[in-house]
Amino acid sequence: MNIEEQLDFLSARAVDFINRDDLKKKLEKAAAEGRGLRIKYGADPSAPDIHLGHVVGLNKLREFQELGHTVVFIIGDFTGMIGDPSGRSQTRKPLTQEQVAINAKSYQEQIFKILDPEKTEIRFNSEWCGKMKFDDVIRLSAHVTVAQMLARDDFSKRYAANQPISMVEFLYPLVQAYDSVMVKADLELGGTDQLFNLLLGRELQKVMGQVPQCVMTLPLIEGLDGVKKMSKSLNNYVGISEPAREMYGKLMSVPDDLMWKYFEYILCWPKDEVQAMHAKVVNGELHPRAAKDRLGQAVVKRFIGEAEALQASEEFTRIFAQKELPDEIPEVVLPAEEMGLLALMVQAGLSKSNGEARRLVVQGAVKINDEKVSDPRMQIVPEEGMIIRSGKRGFVQIKIG
RNA sequence: GGUGGGGUAGCGAAGCGGUCAAACGCAGCAGACUGUAAAUCUGCCCUCUUAGAGUUCGAUGGUUCGAAUCCAUCCCCCACCA
């Protein structure tokens with residue numbers, strides 16, 4: 001690849017890219033010196049489940065690695081241990097050192113499903129932040145003005161709406177920017193919501209006498225609901241370590257319109273190919289379900305395996321299209337004593353309370369051995385192999401013990 | 001330091017002495033319809049038993065036959081002005 005091709009390749013799918021010329025210079029210089037660039041990516045240590053939303057960024061990092069660059073994966077443990085009171089969405093609880101360590105380990109296991117460990121440098125920002133004295137912090141904050149901070153969309157809106165903004169929130173972008181200085185980042189990658197923070201990194205590097213980093217943002221993809229950004233707290237995510245059938249099932253529930261985005265940003269299919277498929281669906285040549293099946297299988301294949309992908313797809317059809325039973329049903333051990341149906345369901349883990357169980361029964365969601373039961377007062381004697389089905393997803397097989 | 005506004009079920013938000021387990025919206029769950037998609041319709045959505053009962057409305061104590069609603073004290077949050 002010549003340099004222009006590299007630039008095209010690296011900036012594909014990016015929303016913001018600041019800027020091509022700077023990156024070109026950096027690439028040329030690095031090539032001349034026979035080294036790779038340092039690509040920074042920051043991770044929040046409180047959410048150890050990597051999901052498809054993260055994959056969008058990780059894919060890009062991987063592409064940088066393919067061209068020989070180094071990914072500096074920063075785990076924001078320092079900030080994570082302080083917590084984030086940014087009231088609006090929700091409070092992030094401060095993490096303990098143990099939790100951070102556990103999460104960090106889990107992170108590594110997961111990101112290396114995508115990244116090349118040989119070209120990844122994992123750093124914790126407590127390494128430098130932890131050493132800073134209060135006067136260092138004050139000096140650092142002298143570099144940024146309130147007006148600059150208020151330039152951030154999020155802040156200005158909240159300020160205008162008389163909503164709280166804590167000092168901590170002002171400080172965090174600064175910490176993140178300082179991270180860039182400390183790892184001498186050549187480019188920082190993030191979601192579009194990170195643009196301000198990434199740019200602040202540029203500013204700070206300039207002040208500290210470094211060549212400012214390039215900045216690249218990638219879209220935040222919507223989660224399963226098709227509206228809100230995929231995130232763990234909204235529980236609309238697909239984790240990359242989920243069991244195959246879960247992963248597949250979740251993907252099948254994605255609104256149709258969203259799947260094209262998933263093809264492009266998660267699977268990195270070429271844009272024209274995605275568009276071609278989209279067109280086929282629009283003109284009726286391809287059933288949307290078939291297209292989504294391809295998506296589901298492709299994602300499962302990528303993170304788990306081809307056989308599992310096929311199996312997940314088949315089982316899905318069996319359970320939901322043909323309403324048959326899955327081939328593995330969780331077993332619950334119960335004594336062979338007569339008990340109320342509701343109690344049985346609670347004990348079998350099919351419902352959280354008797355009330356919920358009653359609701360399910362009354363609404364006709366419960367089947368025992370494929371026969372609908374509708375009397376919540378029913379008494380049951382559990383039998384070996386008895387299968388209780390609750391709704392579309394709840395299955396339990398009784399084992400006497 | 002001053003002024004004003006708040007704390008209600010997972011979230012948002014009504015209620016402001018009885019008819020309140022508490023409107024409404026969102027989320028969630030189930031059923032119908034489907035491609036477990038979306039949209040739509042129906043029902044459910046604190047806990048426990050059948051109609052019924054028991055715990056809820058920041059905390060504690062009080063006034064009342066009766067309080068989420070009134071009073072007192074306390075805790076917490078927010079904005080504005082200094």
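Note: hydrogens, waters and symmetry copies are ignored here, and every other heavy atom, side chains too, is used. Source: prediction; values computed, not measured. The sequence lines fix the lettering, A, B, ..., with proteins before strands; numbering per chain opens at 1.
Looking only at atom types and distance, the side chain of A:Q110 has a donor-acceptor partner in the side chain of A:S106 under 3.5 Å away. Using modelled atom types and a 3.5 Å distance limit, the side chains of A:N197 and A:Q194 yield a donor-acceptor pair. Of the N and O atoms on the side chains of A:Q205 and A:S180, not one donor lies less than 3.5 Å from an acceptor on the other residue. For the residue pair A:T70 / A:K119, no side-chain donor-acceptor distance below 3.5 Å is found, with atom types taken as modelled. Donor-acceptor pairing under 3.5 Å is recorded for the side chains of A:Y248 and A:D293.
Below the 3.5 angstrom threshold, one finds no donor paired with an acceptor across the side chain of A:R359 and the base of B:C45. Residue side chain A:D256 reaches the base of B:G35 through a donor-acceptor N/O pair under 3.5 Å, judged by distance alone.
The A:K292 side chain lies nearest to B:G35 when the options are B:G35, B:U49, B:G31. If you check B:C44, B:U50, B:G35 against the side chain of A:R289, the one that comes closest is B:G35. Proximity note for A:R358 (side chain, C-beta onward) versus B:U49, B:U47, B:A37: the nearest is B:U49. Among B:U50, B:G31, B:C29, the nucleotide with an atom closest to any side-chain atom of A:K392 is B:G31. Closest contact between the side chain of A:H287 and the listed nucleotides B:C45, B:G35, B:U49 involves B:G35. For A:Y159, the listed nucleotide lying nearest its side chain is B:C80; candidates were B:C80, B:C44, B:G35.
Of the C1' atoms belonging to B:C16 and B:C71, the separation is 15 Å, rounded to the nearest Å. Comparing the P positions of B:A67 and B:U50 gives a spacing of 29 Å, expressed to the nearest Å. Using atom C1' as the reference point in both B:A21 and B:G5, the two lie 28 Å apart (nearest Å). The gap from the C1' atom of B:U56 to that of B:U47 amounts to 10 Å, rounded to the nearest Å. With C1' as the reference atom, B:A13 and B:A27 are 14 Å apart, rounded to whole Å. Nucleotides B:C75 and B:C46, compared at atom C1', are 25 Å apart to the nearest Å. Straight-line distance between the C1' atoms of B:G58 and B:G54: roughly 22 Å, to the nearest whole Å. A gap of 43 Å separates the C1' atoms of B:G1 and B:U55, to the nearest Å.
Nucleic acid contact for A:N354: sugar-phosphate only, since backbone atoms but no base atoms lie under 4.0 Å from a heavy atom of the residue.
Heavy-atom nearest nucleotides on RNA chain B were determined for A:P376 and for A:G249, and the one closer to the 5' end corresponds to A:G249.
A 3.5 Å limit on both hydrogen-bonding distances identifies no Watson-Crick or G-U partner for B:G17. Pairing for B:A79 goes to B:U3, judged as Watson-Crick or G-U wobble with the two contacts each under 3.5 Å.
Under a cutoff of 6.0 Å and an axis angle of 45°, A:K60 and A:Y265 do not form a cation-pi pair.
In this structure, A:R393 places its CZ atom 12 Å from P of B:G31, rounding to the nearest Å.
Residue A:S353 places at least one side-chain N or O under 4.0 Å from the OP1 or OP2 atom of B:U47.
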